[in-house]
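Side chains included, hydrogens not; waters and symmetry mates left out as well; all remaining heavy atoms used. If you read the sequence from its start, that first residue is 1, and numbering goes on from there.
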Amino acid sequence: MAGNLSDTEFPAISYARAAMDGEHQFLKRPKYPDQVKSAVFSLYLYMSSHPGRWLIFAIFSLQLVFLLLIRSSHLIKFPSHPSPAAGIVAGKTQLSARGTLNEENPTPVTGIIAGTSENQEPPIPQIPPFPVRERPSILSLESSYLPSFGKNPSLLSPEKNPSVLSHEKASLSAPELQNPSFLSPENPSLQIHEYPTIPSPGNPAFPIKFPAKVCDSSTVYVYDLPPIFNHDLVKNCETLSPWGSRCKMLENGGFGRHASGLAHLVPFELEGSWFETDQFASELIFHARMLGHPCRTLEPESASAFFVPFYGGLAVGKYLWSNYSADERDHHSNLLLNWLENQIFWKRKLGSDHFMMLGRITWDFRRSKDEDWGGSFLHMPAMKNVTRLLIERNPWDQKDVGVPYPTGFHPKNSFEIRLWQSHVRKAKRSDLFSFAGAKRSAIRGDFRGVLLDQCAESKSCSAIDCSGGRCSNVSSPALGLFLGSQFCLQPRGDSFTRRSIFDCMIAGSIPVFFWRRTAYWQYEWHLPEEPTSYSVFISRDAVKNGTKIAKVLRDLPRERVEAMRETVIQTIPKLLYVYPEKGIGDLDDAFDVALNGVFQRFRSL
């Protein structure tokens, strides 16, 4: 049969799967999904607000049926024989999301069907049962995104590709980089494989169309680093943490496995968009999005920004809790900077137009003394000009930029985002406030214990104990807790920030902060400019001295609470990392906001 129909390119397909039992086959025409999407969503919102207007509903339904009958001759076909298109059906070969033939990725790409021309119709894809489509693993970057070094070894030549370090001219101290064979095409660790074409607006062989104004004259060049800095770390996922394997976390391009047990909490249409995403997976998510972004260029000479896909958080993470030396904790960081400092475009501005995503908090990279915590990557002189995106920034370092922790919700299109916003807007919130966390009894004056005590004293508060990792990744109790409460308490976590902030806000609950560094000084690009428009701040000292949180929240005017909640709901898209690598176009997610901020920052250089 033909390949599976892409949820990303056909937003209404989740409804079709639920409603159809036969093997009707639909051609992917661009107008039909938009019409059905608008009709279904409008009907859903209208009837939920005016359940008594059944006459209007009947008239609307007849109009919709009439529309479908008119279009049926174009949309529904019952082929009696396989499509002749270049073995797509008969040969069971499917197209990958990158426009290449790939039997493991069932997602077809419009306009890139082998054996067809622009004037021919593509083979008719079969509507499968309701599956959850797997996002390609970041390990597949070698076979999905990168240039064909195997076919064109000259890409490893500085004369042909200035972004590649010439080992003949380099003088590096790192043992791996002193060996000329390390950066040679003969080195099998340097992605010497048969690679397909890279998707980018600079590559006319990959006919994906993007909005003309999306890049606003700014482009980004993505370095093709030696695999020791990213891919090899993912391949060695069993050894990345002293607490056990992290391979499940790295599945699905960093999104993790699909979440289960949420059927009673999320709309049926959105169940396939929830994942067990780890809070430290941002490096993989950003890398995949950057490779598929419409503003990516393959010509570094014309780039206005340079992205370094270094998985620094994965590299240092395995060394944080054990008795490793300072050199071991800084091993990958030193190698990377030795490599970067010999790149032509790094030398041009000494890294001031370069940026990277580091998937841990800034303090994991700011060791001052050898015996202190973490690595010293951000204290290394070569990093002083580099912009770094982190899930927690140092408020006194302007090169640090805070970006949201990844949550478990990764919608496939703007329709799913609006459907979720409507869902959380109408959620029945029986609790005034809630708290998801655990006491830190080993800490003197533990503030979390104070919050849990106040919650236990109040009849309008609910709490869940998150000790032992019970709330890690997507936890249905935590999601249900936030969907059912007006406010959610957000003290500092192990550091000043915590992922629970974003789990709370995407559920439409209003966050209550006790440290300004928890959010206000962290995520300035992603959160509303006025803190009081979406959150409540209560001094932790006042709480310790007897101020009752329940009274403070209950005394807030109802109109103000409703306005804050609506602001939170409107902010949700900026807190999410959407599923498609190319984004969703009409709404900016957390990645888009971050990249646009980087572009704006670099324009002033």
Side-chain angles (χ1 to χ4, degrees), residues 220 223 229 279-287 289-290 305-317 320 329-330 332-334 336-337 340 346 349-369 372-406 490 492-499 501-502 513 515-529 531 574-575 577 590-605:
V220 58
Y223 276 103
F229 301 123
Q279 63 179 342
F280 299 130
S282 300
E283 291 159 351
L284 284 77
I285 295 172
F286 267 75
H287 191 186
R289 285 290 300 277
M290 206 69 70
F306 293 80
F307 179 67
V308 183
F310 173 45
Y311 297 174
L314 297 185
V316 76
L320 293 178
R329 284 177 277 169
D330 292 334
H332 288 84
S333 301
N334 281 320
L336 175 74
L337 293 180
L340 280 174
W346 173 278
K349 294 185 178 181
L350 296 178
S352 60
D353 54 358
H354 285 55
F355 70 107
M356 60 182 66
M357 174 70 218
L358 297 175
R360 301 189 68 92
I361 64 174
T362 189
W363 313 108
D364 290 341
F365 305 97
R366 291 184 176 273
R367 188 189 71 247
S368 298
K369 301 177 182 178
D372 289 344
W373 170 269
S376 62
F377 185 40
L378 298 185
H379 284 321
M380 295 178 181
M383 286 295 294
K384 66 178 181 180
N385 295 325
V386 179
T387 295
R388 45 268 184 168
L389 310 177
L390 304 120
I391 54 177
E392 178 176 328
R393 67 182 290 258
N394 176 1
W396 293 275
D397 187 339
Q398 295 305 308
K399 293 298 182 181
D400 278 11
V401 176
V403 298
Y405 284 74
Q490 297 298 334
R492 59 172 292 174
D494 295 325
S495 60
F496 281 97
T497 62
R498 60 197 305 243
R499 167 176 156 160
I501 298 168
F502 303 100
F513 297 118
W515 280 264
R516 299 187 188 281
R517 288 175 64 179
T518 300
Y520 305 151
W521 299 354
Q522 291 291 339
Y523 310 106
E524 298 170 351
W525 290 359
H526 293 79
L527 294 178
E529 184 176 358
K574 296 181 179 180
L575 310 181
Y577 295 96
F591 171 87
D592 294 320
V593 172
L595 183 58
N596 291 338
V598 169
F599 282 156
Q600 183 174 355
R601 170 177 286 198
F602 287 176
R603 289 190 197 107
S604 62
L605 294 178

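- Considering only heavy atoms from C-beta on, L390 stays 4.5 Å or farther from I361 through its side chain.
- Among all heavy-atom pairs drawn from F365 and G312, the shortest one is CE2-O, 3.6 Å.
- L595 has its side chain within reach of M290: a pair of non-hydrogen atoms, C-beta onward, lies under 4.5 Å apart.
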ring-ring contact (aromatic ring centres under 6.0 Å, His included) between F355 and F307: does it pass, once the steps are laid out?
CA-CA 5 Å; F355 70 107; F307 179 67; 5.2 Å; yes
Can you list the steps and then say if F229 with Y223 is a ring-ring contact (aromatic ring centres under 6.0 Å, His included)?
CA-CA 11 Å; F229 301 123; Y223 276 103; over 10 Å; no
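- Taking the side chain as every heavy atom from C-beta outward, W515 and W521 never approach each other to under 4.5 Å.
- The CG atom of D400 sits 10.0 Å away from atom CD of E392, with the distance rounded to the nearest 0.5 Å.
- Residues N334 and M380 form a side-chain contact, since some pair of their non-hydrogen atoms from C-beta on lies under 4.5 Å apart.
- Contact between A281 and P406 at its shortest, heavy atoms only, is N-CG, 4.4 Å.
- G375 and V316 get closest at one heavy-atom pair: N-CG2, 3.9 Å.
- Counting only N and O atoms by type, the side chains of D330 and S376 include a donor and acceptor under 3.5 Å apart.
- Side-chain atoms of E283 come within 3.5 Å of backbone N or O of G359 as a donor-acceptor pair.
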Chi angles and distances behind the side-chain contact (heavy atoms from CB on, under 4.5 Å) call for L575, Y523:
CA-CA 10 Å; L575 310 181; Y523 310 106; over 6 Å; no
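- Note that the CZ atom of R517 and the CZ atom of R393 stand 10.0 Å from one another [nearest 0.5 Å].
- Taking 4.5 Å as the limit, every side-chain heavy atom of N394 sits out of range of all side-chain heavy atoms of L378.
- In this structure, the side-chain contact (heavy atoms from CB on, under 4.5 Å) partners of D372, at least two apart in sequence or on a different chain, are R367, S368, K369.
- Atoms NZ and CG, from K384 and D397 in turn, are 13.0 Å apart once rounded to the nearest 0.5 Å.
- Under the 4.5 Å side-chain criterion, counting only non-hydrogen atoms from C-beta, R492 is not in contact with R498.
- Checked by atom type, the side-chain pair D364/W373 shows a donor-acceptor distance below 3.5 Å.
- For H332 and F310, the distance between ring centers is not under 6.0 angstrom.
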Applying side chain to side chain donor-acceptor pair (under 3.5 Å) to Q522 and T497, what does each step give before you reach the verdict?
CA-CA 8 Å; Q522 291 291 339; T497 62; 5.7 Å; no
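- With values rounded to the nearest 0.5 angstrom, I501 atom CD1 is found 12.0 Å from R499 atom CZ.
- Considering every non-hydrogen atom in both G374 and R329, the closest pair reads O-NH1, 3.1 Å.
- Atom OG1 of T362 and atom NZ of K399 lie 14.0 Å apart (nearest 0.5 Å).
- Taking each heavy atom of T518 and Q490 in turn, the nearest pair found is CG2-O, 4.2 Å.
- Here the side chains of F280 and I391 are in contact, with some heavy-atom distance below 4.5 Å.
- With contacts defined as side-chain heavy-atom distances shorter than 4.5 Å, the pair N385/H354 does not qualify.
- Closest heavy-atom contact between F602 and S352: CE2-O, 3.5 Å.
- Legend: residues meeting ring-ring contact (aromatic ring centres under 6.0 Å, His included) with F286, ordered by chain and number and at least two apart, are Y577, F591.
- Taking CZ of R388 as the start and CE of M357 as the end, the distance is 13.0 Å to the nearest 0.5 Å.
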Could you walk me through whether V386 and W346 pass side-chain contact (heavy atoms from CB on, under 4.5 Å), step by step?
CA-CA 10 Å; V386 179; W346 173 278; 3.4 Å; yes
Begin with the C-alpha distance, continue with both residues' side-chain angles, and end with the deciding distance and a verdict on side-chain contact (heavy atoms from CB on, under 4.5 Å) for F377 and M356.
CA-CA 12 Å; F377 185 40; M356 60 182 66; 3.6 Å; yes
